[in-house]
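One structure is given below, encoded as structure tokens.
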Amino acid sequence: MDALDKKILGIISQNARIPFRDVAQQCGVSRAAVHQRVGKLYEENVITGSGYHVNPKLLGYNTCTFVGMTLEKGSLYRQVVEELNAIPEVVECHFTTGRYTMMIKLYARDNAHLMELINGKIQSIPGVMATDTLISLDQSIGKEIPINE
């Protein structure tokens with residue numbers, strides 16, 4: 001990845017909807033060059049997706065929650081991930097070190113819905129020994145990793 005790739009990445013990571021002609025103008029290259037570079041970045045998995053960010057609150061999901069999970073054995077991780085993936089409200093899952101075997105992020109409509117998700121779905125997954133729930137009061141920072149040129 002050269003300096004031009006990093007410059008393109010820096011621009012499109014801030015606004016995925018920016019037209020390639022605008023990116024090309026900012027970079028001093030042709031639109032075709034930007035298109036080719038972005039295609040290469042997708043092929044190399046540097047760019048793993050693009051799209052819109054949806055505001056969960058406007059869809060009725062008012063509670064953002066992080067759940068630390070302890071599994072009976074770390075080797076159950078993949079099976080537990082499959083079960084969690086079937087729960088639409090679970091939006092992130094991480095295999096972690098430290099206090100928890102894994103950490104998930106989910107959105108619930110309200111506290112009753114959160115309780116249903118944790119008690120009725122997550123804690124009933126085979127291999128889940130314990131959960132620790134942390135409710136986010138506000139997201140203060142949400143950004144992409146910086147692109148160093």
Is there a path of hydrophobic side-chain contacts, each under 4.5 Å between heavy atoms, that joins [X] and [Y]?
X: Leu134; Y: Leu106; value: no
X: Ile87; Y: Tyr61; value: no
X: Met103; Y: Val90; value: no
X: Ile104; Y: Phe95; value: yes
X: Phe20; Y: Ile18; value: yes

NZ/Lys40: more than 12 non-hydrogen atoms of other groups inside 6.0 Å =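 Yes - once you tally the heavy atoms of other residues, nucleotides and ligands closer than 6.0 Å, there are more than 12.
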Enclosure of Gln36 CD (heavy-atom neighbours >12, cutoff 6.0 Å) = no
Nearest 0.5 Å, what's the CG-SG distance between Leu4 and Cys27?
->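 Here the interatomic distance stands at 5.5 Å.
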Report yes or no: does Thr48 contribute a side-chain atom to a donor-acceptor pair with the main-chain N or O of Asn45 at less than 3.5 Å?
->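 Checking the backbone N and O of Asn45 against the side chain of Thr48, no donor-acceptor pair under 3.5 Å is found.
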Got a donor-acceptor contact below 3.5 angstrom from the Asp138 side chain to the Ser140 backbone?
->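 No; zero donor-acceptor contacts below 3.5 Å.
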Evaluation steps, side chain to side chain contact (heavy atoms under 4.5 Å, CB included), between Asp132 and Arg99 | CA-CA 10 Å; Asp132 189 10; Arg99 184 175 185 179; 4.0 Å; yes
What's the verdict on side chain to side chain contact (heavy atoms under 4.5 Å, CB included) for Met1 and Glu44, showing C-alpha distance, side-chain angles and the deciding distance?
-> CA-CA 10 Å; Met1 194 163 55; Glu44 295 173 350; 5.8 Å; no
Test item: Leu84 and Met69 side chains (from C-beta on) under 4.5 Å apart, heavy atoms = yes
Heavy-atom closest pair (Met102 atom, Cys93 atom, distance to 0.1 Å) is CE-SG, 3.2 Å
